[in-house]
Enquirer: 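I have a structure here, written as structure tokens, and I will follow up with some questions on it.
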Amino acid sequence: MARADVRVVGVLTTLVALAGLTACSPAEKPVLALRVVDGQPALVMAECAEFTADRISVYTVDVTPAQSWTIDRNGGGEVTNVTLFELPAGWTPDEQTLTAFEPGTEYSVAAYGDRHNAVPVHFTLAEVTGLGPDRVLVHEGQTQRKAVTETAFRDKAKKAC
């Protein structure tokens, strides 16, 4: 085999290997946001053809022992809004060690699906209850978050899906 042919085969082999590595774990979808409903944090999920939540979990961050409120769909219907600590129809409770939000404690909410997961959103009670009308709290890199309009959140989610 000529030296140029060996290089082409090497490059193609590398590209195939890289394509396989990037296909291993699908990207998380930015489809979660938090808003306040009747003074309580509520989860908002944007519609996404590639993501359906089968499990939702809210958990403490950097608290020992960790606490969480986790629910599973188990045949229940899809949800787009969930007031945290309230069980949607058809969903079942899993872990229920977190029963109330405490001021000054950081939490994270995550949703898991069959093929994809959602990008978790970190928050404090004050951040969520301080949101204005038509504002939601979204993930913004690492553990950062920011308040945006619900329209902006849904537009970004739609583009990612």
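These figures come from a predicted structure and were not determined experimentally. No hydrogens, no waters, no symmetry mates; every other heavy atom, side chains included, goes into these values.
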Enquirer: Assess the residue pair Thr149 and Asp134 against the criterion (side-chain hydrogen bond (donor to acceptor under 3.5 Å, both in side chains)); give the C-alpha distance rounded to whole Å, side-chain angles, the decisive distance to 0.1 Å, and a yes or no.
Expert: CA-CA 6 Å; Thr149 66; Asp134 191 44; 5.0 Å; no
Enquirer: Under a 3.5 Å distance rule, please check whether His139 uses its side chain to pair with a backbone N or O of Gly141 as donor and acceptor.
Expert: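 Checking the backbone N and O of Gly141 against the side chain of His139, a donor-acceptor pair under 3.5 Å is found.
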Enquirer: Walk me through it: do Arg73 and Arg55 pass the test side chain to side chain contact (heavy atoms under 4.5 Å, CB included)?
Expert: CA-CA 6 Å; Arg73 187 156 66 122; Arg55 182 176 183 88; over 6 Å; no
Enquirer: Can you check side chain to side chain contact (heavy atoms under 4.5 Å, CB included) on Val63 and Thr105, steps first, answer last?
Expert: CA-CA 8 Å; Val63 172; Thr105 300; 4.0 Å; yes
Enquirer: Test of understanding: clusters of I, L, V, M, F, W, Y form through side-chain heavy atoms closer than 4.5 Å, transitively. Do Val148 and Val121 belong to the same one?
Expert: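 In one cluster with Val148: Val121, no.
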Enquirer: Quick test of your reading of the model: are Glu127 and Arg145 salt-bridged, counting only N-O distances below 4.0 Å?
Expert: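 Arg145 and Glu127: salt-bridged.
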Enquirer: Measure the shortest side-chain to side-chain distance between Ile56 and Asp72 over non-hydrogen atoms and say whether it is less than 4.5 angstrom.
Expert: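 A side-chain contact is absent here, since even the closest heavy-atom pair is not under 4.5 Å.
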Enquirer: What's the verdict on side chain to side chain contact (heavy atoms under 4.5 Å, CB included) for Met45 and Leu32, showing C-alpha distance, side-chain angles and the deciding distance?
Expert: CA-CA 5 Å; Met45 283 189 274; Leu32 297 185; 3.3 Å; yes
Enquirer: Please collect all ring-ring contact (aromatic ring centres under 6.0 Å, His included) contacts where either partner lies in residues 87-109, sequence neighbours excluded, each pair once.
Expert: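 Sorted result for residues 87-109: Phe85-Phe101, Phe101-Tyr107, Phe101-Phe123, Tyr107-Phe123.
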Enquirer: What's the separation between atom CZ in Phe51 and atom NE2 in His116, rounded to the nearest 0.5 Å?
Expert: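 Answer for the CZ-NE2 pair, Phe51 versus His116, is 9.5 Å.
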Enquirer: What distance do Ile71 atom CD1 and Asp54 atom CG have between them, rounded to the nearest 0.5 Å?
Expert: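 Answer rounded to 0.5 Å: 11.5 Å.
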Enquirer: Quick one: does any side-chain atom of Arg135 pair with a main-chain N or O of Ala147 as donor and acceptor, under 3.5 Å?
Expert: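 Such a contact is found between Arg135 side chain and Ala147 backbone.
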Enquirer: Would you say Trp69 and Pro93 make side-chain contact, with heavy atoms under 4.5 Å?
Expert: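 A side-chain contact is absent here, since even the closest heavy-atom pair is not under 4.5 Å.
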Enquirer: When rounded to the nearest 0.5 angstrom, what distance separates CD in Glu86 from CD in Gln40?
Expert: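 It is 8.0 Å, given to the nearest 0.5 Å.
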Enquirer: Look up atom CG in Leu87 and atom OG1 in Thr92, then write down how far apart they are to the nearest 0.5 Å.
Expert: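 Atom-to-atom, Leu87:CG and Thr92:OG1 are 7.0 Å apart.
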Enquirer: For a 4.5 angstrom cut-off between non-hydrogen side-chain atoms, does Leu125 reach Glu102?
Expert: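 Side chain of Leu125 against side chain of Glu102, heavy atoms only: no contact under 4.5 Å found.
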Enquirer: Any side-chain heavy-atom pair from Glu28 and Pro120 closer than 4.5 angstrom?
Expert: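 Of all side-chain heavy-atom pairs linking Pro120 with Glu28, at least one is under 4.5 Å.
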Enquirer: May I ask whether Val109 and Val44 are part of the same hydrophobic cluster, defined by side-chain heavy atoms of I, L, V, M, F, W, Y residues being less than 4.5 angstrom apart, directly or through others?
Expert: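 Val109 does not cluster with Val44.
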Enquirer: Counting only N and O atoms by type, is there a donor-acceptor contact under 3.5 Å from the side chain of Ser68 to the main-chain atoms of Val58?
Expert: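 Here the side-chain-to-backbone pair does not exist.
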Enquirer: Would you check if the side chain of Lys29 reaches a backbone N or O of Val119 as a donor-acceptor pair within less than 3.5 Å?
Expert: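 Judged by distance alone, no pair lies under 3.5 Å.
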Enquirer: Going from CZ on Arg35 to OG1 on Thr129, what distance comes out if it is rounded to the nearest 0.5 angstrom?
Expert: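 That separation rounds to 15.0 Å.
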Enquirer: Check for me, please, whether Val37 and Leu34 land in the same ILVMFWY cluster - side-chain distances under 4.5 Å, paths through other members count.
Expert: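 Looking at the clustering, Leu34 is in a separate group from Val37.
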Enquirer: Can you tell me how far the CD atom of Glu47 sits from the OG1 atom of Thr80, to the nearest 0.5 Å?
Expert: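 Rounded to the nearest 0.5 Å, the CD-OG1 separation comes to 7.0 Å.
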Enquirer: Do Val36 and Pro41 come within less than 4.5 Å of each other through their side chains, counting heavy atoms only?
Expert: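 Side-chain contact under 4.5 Å: no.
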Enquirer: Yes or no on side chain to side chain contact (heavy atoms under 4.5 Å, CB included) for Leu137 and Leu131, after CA distance, side-chain angles and deciding distance?
Expert: CA-CA 8 Å; Leu137 192 68; Leu131 291 169; 4.2 Å; yes
